Amino acid sequence: MNVALAVIVAFTALAIGLALRARRGRDMDLEQWSVGGRGFGTIFVFLLMAGEIYSTFTFLGGAGFVYGSGGAAYYILGYGTLAYVLSYYLLPAVWRYATPRRLVSQADVFTSAYRSRALGVLVSVVAVAAMIPYLALQLKGLGIIVSQTSYGTISSTAAIWIGAVALSIYVAAAGIRGSAWSATIKDILTLSVVVFIGIYLPIHYFGSIGEMFHRVEDAKPGFTALKGDQLTPVWFSSTVLLTALGFYMWPHTFGSALAAKDENVFRRNAVFMPLYQLLIVFVFFVGFAAVLQVPKLDDSDLALLSVAKDAFPKWFVGVIGSAGVLCALVPGSMLLIASATTVAKNVVRGVNPSMTDAATSRLMKLLVPVIALAGVAFVFAGGQTLVTLLLLGYALVTQLFPALVMALAAPGRVSKQGAMAGIAAGVAMVAAMSFAGATPETASTVDSFIGGLPDFLGQLNLAIVALLVNLLVTVVVSALTRGSADDGAGGRFRRVPAAEHAIVER
Amino acid sequence: VKLTHVLSALPFVGILGGIFFANRAEPFVLGLPFALFWVTLWVVLTALIMAVVYRLDRR
């Protein structure tokens, strides 16, 4: 084993060890395992949320997207920023709705708000479908790190299997508590590594950051802005909006919101979290350095590690790889826990409500390796880049946004039939587009699907169109079904005590 | 319309709308291509704006 790989193994063992230590002595009942007992303070929630949000996508995918598509990658900087503005209003409303009702997951919130177990099951199925590509992204990232830092001794196929096993072990050891501890180390390590290499590489190779950008522009005019037929400002705006709306629709980001001690945590976070985004600018610098320094890579996602291997000794490549591994393990564990919880509690128990807590808990743990396998299968089926996987997940998960917001902001306006029909229509459109071969990277825009449209329509992200269809269907079907005898949502909110009702009004 | 809501809308205008005018490499600002500078600027402005919104809401 070379030095780089040894460093990575040491950091992975540390993360697993910390996870085990954090868990020792704590009772693992269902609520505790999934939301950590609602005892987190501001700093912990801050780190926990940052831990999830900075995944291997930010790390490898961000540099890879810059390497492949230049300025289009700036969308990554924009969507998180706008998502935090939304979170200022959205998360306190979700928290106030969920906490008194002891709801531990996203599907619980939908089931409760629309009084429809069927909707809860539908939401869960959509959420898990969206999480599989997101999980596959983390596994692909782990695989890239392991095979790259092995300097050719471990094949990428074997590396992905190693990644999946490491992730399953980490999740089995951790639960949410462990993730919060490891997230602390991960954030410190990632922050230092990314800022250092983001500044060092441009200066080392080109003298300054500005000089690097000038040379990129000389070599590829327009590459540092948005260009091309598809990745235009119209694509940028619609993609930023889509992904900002979907940001907190993931069961795991939603779940971290439920773990907070009080609702003010979210408002304070909305002030500080945008600054965390600045970290991504340094990832972009690495990507642009790679454009000039290691051109002609087969796979754009190898950009960050390839340029690092070119510039640094093996032990430091190991440190960079360790930051990357933690960036995959921490969010990956969140995704696995959230998927397993969602399938066990909201799909299986949703269909079969007589299931006991013990049986549900057992099923959750059994599902962890099963879902990890589904992620592995997705990686091997794909050949897609990290950004493609992420945008596919977002295209699906954002379809949950209209139904959630309407349930919180205007209870009773949308019927459960309307919510279900809207989500089904949006997801069906995304699926149809994906099967038609319109992958987000090569053809993420409307004109790849329907030709002859004016630019401002043709260059829209396909999934934003699906979201509009979703909204339209939700409104129309709600209008048709409102006031029908079996509509839970309309009648229900009149029975809610006034004090409790006030919580969703702003 | 509340002032805090108007303020909260500004980052959306700056990022989603602004990119149509800011989508170019030149001029370089602080070493950054203009499009990257523009989006980065809005990240910082968003934090400042949300700090003001938070203050106003607490009163």
Side-chain angles (χ1 to χ4, degrees), chain A residues 66 70-82 84-89 202 208-214 216-217 220-227 232-241 244 264 267-281 284-285 288 456 506, chain B:
Chain A
V66 162
Y74 303 160
Y75 103 85
I76 303 165
L77 205 51
Y79 83 91
T81 305
L82 295 184
Y84 297 127
V85 179
L86 286 172
S87 79
Y88 185 93
Y89 299 98
S208 75
I209 289 161
E211 180 58 26
M212 174 181 74
F213 278 116
H214 278 105
V216 173
E217 275 298 312
K220 296 179 152 191
F223 194 68
T224 65
L226 294 152
K227 64 175 192 87
T232 60
V234 174
W235 172 87
F236 177 94
S237 278
S238 53
T239 303
V240 169
L241 183 64
N264 241 350
R267 300 205 183 93
R268 281 193 298 268
N269 280 349
V271 176
F272 296 109
M273 294 296 275
L275 295 176
Y276 245 114
Q277 299 291 303
L278 294 175
L279 178 59
I280 297 166
V281 178
F284 293 163
F285 293 165
F288 282 114
F456 71 95
R506 286 198 58 88
Chain B
V1 182
K2 284 166 77 177
L3 175 62
T4 52
H5 292 175
V6 174
L7 287 174
S8 302
L10 287 179
F12 288 85
V13 176
I15 294 175
L16 301 181
I19 193 66
F20 288 91
F21 306 96
N23 181 33
R24 47 205 156 89
E26 310 269 353
F28 282 66
V29 185
L30 303 171
L32 303 179
F34 194 77
L36 178 56
F37 164 74
W38 180 261
V39 183
T40 308
L41 175 70
W42 274 99
V43 174
V44 178
L45 288 178
T46 301
L48 292 174
I49 287 168
M50 294 318 288
V52 173
V53 169
Y54 184 62
R55 282 281 172 94
L56 290 174
D57 273 351
R58 275 169 67 93
R59 275 207 306 226

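Every heavy atom of this structure was used, including side-chain atoms; hydrogens, water molecules and symmetry mates were not. Residue numbering restarts at 1 for every chain, and letters A, B, ... go by the order of the sequence lines. Bear in mind that the values here come from a model prediction, so they are computed numbers and not experimental data.
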Look up atom [atom1] in [X] and atom [atom2] in [Y], then write down how far apart they are to the nearest 0.5 Å.
X	Y	atom1	atom2	result
B/Thr40	A/Ile280	OG1	CD1	10.0 Å
A/Thr232	B/Asn23	OG1	CG	8.5 Å
B/Ile19	A/Leu226	CD1	CG	5.0 Å

Tell me, side chain or backbone of [X] under 4.5 Å from chain B's heavy atoms, or both, or neither?
X	value
A/Tyr75	neither
A/Phe285	side chain
A/Tyr74	both

Indicate the atoms forming the closest heavy-atom contact of [X] with [Y], along with that distance.
X	Y	result
A/Ala225	B/Ala25	CB-N, 3.9 Å
B/Val39	A/Gly78	CG1-N, 4.1 Å
B/Trp42	A/Thr81	O-CG2, 4.2 Å
A/Val271	B/Met50	CG2-O, 3.4 Å

Aromatic rings A/His214 and B/Phe28: how do their planes relate, parallel, tilted or perpendicular, breaks at 30° and 60°?
parallel

Show, in sequence, the C-alpha distance, side-chain angles and deciding distance for A/Thr224 and B/Phe34, and conclude whether the side chain to side chain contact (heavy atoms under 4.5 Å, CB included) test is met.
CA-CA 9 Å; A/Thr224 65; B/Phe34 194 77; over 6 Å; no

Stepwise side chain to side chain contact (heavy atoms under 4.5 Å, CB included) test for B/Leu32 and A/Phe284
CA-CA 11 Å; B/Leu32 303 179; A/Phe284 293 163; over 6 Å; no

Tell me which of these, B/Val44, B/Leu36, B/Thr46, has more heavy-atom pairs under 4.5 Å with chain A than the rest.
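Highest number of pairs under 4.5 Å: B/Leu36.
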
Determine the option with the most heavy-atom pairs under 4.5 angstrom with chain A, choosing from B/Ala51, B/Ala22, B/Ser8, B/Pro33.
B/Pro33

Go through the steps for A/Leu82 and B/Leu16 under the test side chain to side chain contact (heavy atoms under 4.5 Å, CB included), then give the verdict.
CA-CA 10 Å; A/Leu82 295 184; B/Leu16 301 181; 3.9 Å; yes

Counting only heavy atoms closer than 4.5 Å, note whether B/Val53 contacts chain A via side chain, backbone, both or neither.
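Interface part for B/Val53: both.
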
Worked check of side chain to side chain contact (heavy atoms under 4.5 Å, CB included) between A/Asn264 and B/Arg58:
CA-CA 10 Å; A/Asn264 241 350; B/Arg58 275 169 67 93; 4.1 Å; yes

